[in-house]
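Reckoned from all heavy atoms, side chains included, excluding hydrogens, waters and symmetry mates.
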Amino acid sequence: MMAKTIAQINEKIKKGKVVVITAEEMKRLVRKSGLKKAARQVDVVTTATFGPMCSSGVYLNLGHPKPKIKLGAGKATLNGVEAYCGLAAADIFIGAAALAEDDPRNKVYPGEFKYGGGHVIEDLLKGKDLILEASAYGTDCYPRRNLKTLINLKDINEAVLFNPRNLYQSYNVAVNLSSKIIYTYMGALRPNLGNANYCSCGQLSPLLNDPLYKTIGIGTKIFLGGGVGFISFWGTQHNPSVKRARNSTPLSPAGTAAVIGDLKQMDAKWLKGVSLLGYGASLAVGIGVPIPILNEEIARYTSVTDEDITTQIVDYSKAYPKGTGEVLGSISYAELKSGKIKIMGKSVPVGCLSSYFKAREISQELKKWIQKGKFLLTEAVAALPGPKSGYASKGLKIREVKGGE
Amino acid sequence: MYSKKIVLNFPSQLVGKPLIYRLSKDFKLEFNILKALVNPEEEGLMVLELKGQKAEYERAVKYLQKEKVKVQTLSRDVSRDEKKCVHCGACVTICPAQAFSFDQQSRKVIFAQDKCIACGICIKNCPYTALKMSL
């Protein structure tokens with residue numbers, strides 16, 4: 001087959017002649033028509049995911065009040081939730097996991113975390129007024145020391161969703177081997193293998209359809225929270241060097257991506273505050289990534305199904321918190337989706353934290369955008385570090401601090 | 001087959017009596033204990049699902065009331081806000097009554113309200129606060 005280029009695909013998008021299908025449809029097409037034919041027919045495959053992604057947040061430029069205030073090195077809260085003030089005078093950052101100073105956290109266990117940074121971001125996006133309270137030390141050019149006002153998304157200069165780590169390429173299956181219930185970011189885990197929770201959209205997930213990062217890279221234009229965003233860098237804890245299956249998908253959590261986009265374009269349907277019982281607040285993010293079918297190899301990657309993607313089962317009562325790296329076994333996403341899996345001889349019911357239903361909606365939405373010609377593909381400006389780059393995620397080694405007295 | 005969920009409050013002097021046995025023996029009612037808090041020397045509370053003939057059920061309730069048991073129909077109900085639910089499935093394995101399950105085709109979480117025992121465990125476990133208890 002003649003290899004296609006992204007420029008050629010964009011020409012077809014502009015002329016309304018592009019053939020774009022979702023990753024789910026691609027699996028069916030390859031099964032029915034074979035790889036060669038599918039690769040020739042299809043120009044773009046849309047992939048997607050939706051789930052809690054704690055490493056997310058929004059930076060805001062509020063505009064300057066009169067007289068001016070230097071929020072940098074001051075303090076600010078939005079609806080009582082703490083924002084980060086280590087930037088310039090009118091810039092603040094609100095992280096998804098941030099809480100109000102007086103939130104009881106886990107003092108009454110398990111804490112409910114009803115309103116955190118993720119909820120502030122959702123309310124901001126919904127057009128609600130937020131209460132900004134700030135204090136500063138005062139300078140000659142920024143004399144104001146206190147500020148209390150309502151702010152609204154439509155009035156502030158910028159609100160940019162900037163997530164250091166999203167799009168995890170596969171994730172652990174969490175279980176609990178201990179004799180009491182535990183509350184984790186993977187949900188409540190009942191004692192003695194009472195349940196198993198996973199968090200990935202498997203065969204629909206962007207980085208599982210491009211396992212070696214051949215098309216998804218820095219600069220890739222994406223669907224982010226209902227608006228247009230970009231992959232800005234590789235994500236924190238990006239770990240491409242893990243063991244992989246013969247189809248190149250990783251056998252454990254691997255690649256990640258940092259993403260960025262204008263919050264003002266987004267829709268609260270695809271960006272939602274999350275309360276994880278006993279764990280904390282977070283933000284659920286919906287992301288869609290188009291994969292250009294440039295050749296047969298890329299078509300093959302996008303034809304991978306849940307049967308052929310496996311991940312690892314980890315005990316969150318001991319192995320995970322202690323960081324032992326111990327794994328109880330591996331399991332395919334197809335088995336996870338069946339609702340029951342076998343672990344250590346026991347039949348265990350399976351729950352989930354990500355939403356395949358929402359991810360499917362996103363893959364269909366992005367498909368429509370491309371069909372209508374309102375979304376063109378971009379060429380990556382640089383690749384994410386791949387499996388042979390030597391790039392790997394490390395733990396933190398604790399070293400003694402001397403001479404502290 | 002008539003079926004009803006009821007809440008029984010009984011005073012401490014009745015805790016020793018085999019009331020539930022009577023429901024089954026004298027009124028031919030099938031019972032399923034959904035919740036029970038019964039301590040000696042204290043008042044007891046029990047949530048039951050009863051199944052049987054409607055006339056027998058009504059006679060049974062009269063019998064319980066004669067024995068000074070306070071009988072209320074279970075009016076608590078868990079409801080789901082369809083706008084908030086994202087169909088993730090965090091509730092699926094947490095529900096003791098298996099009221100939530102995935103539809104394999106749509107990948108939506110189906111909420112079978114008839115299985116719900118209104119215990120409320122799912123409410124705090126829903127990351128999107130899509131579930132609430134209504135009275």
Rounded to the nearest 0.5 Å, the CG atom of Leu277(A) sits from the CD1 atom of Ile121(B) at a distance of 11.0 Å
When the 4.5 angstrom heavy-atom criterion is applied to Val350(A) and chain B, the contacting part is backbone
So, the part of Phe50(A) with a heavy atom under 4.5 Å from chain B: the answer is side chain
If one checks every heavy atom of Cys126(B) against chain A at 4.5 Å, the contacting part turns out to be backbone
Of the listed Cys352(A), Gly351(A), Ala196(A), the one with the largest count of heavy-atom pairs under 4.5 Å with chain B is Cys352(A)
Report, one line per pair, each donor and acceptor closer than 3.5 Å where one atom sits in a side chain of residues 56-65 of chain B; sequence neighbours left out.
unit_1   : atom_1 : unit_2   : atom_2 : d
Glu56(B) : OE1    : Arg59(B) : NH1    : 3.3
Glu56(B) : OE2    : Arg59(B) : NH1    : 3.1

Check chain B and chain A for donor-acceptor pairs under 3.5 Å and report each one on its own line.
unit_1    : atom_1 : unit_2    : atom_2 : d
Val86(B)  : O      : Ser355(A) : OG     : 2.5
Gly89(B)  : O      : Cys352(A) : N      : 3.3
Ala90(B)  : N      : Cys352(A) : O      : 3.0
Thr93(B)  : O      : Arg190(A) : NH1    : 2.6
Thr93(B)  : OG1    : Asn195(A) : ND2    : 2.9
Gln104(B) : NE2    : Lys337(A) : O      : 3.0
Gln105(B) : O      : Arg360(A) : NH1    : 3.2
Gln105(B) : O      : Arg360(A) : NH2    : 3.4
Ser106(B) : O      : Arg360(A) : NH1    : 3.3
Arg107(B) : NH1    : Lys337(A) : O      : 3.3
Lys124(B) : NZ     : Glu112(A) : OE2    : 3.4
Pro127(B) : O      : Ser275(A) : N      : 2.9

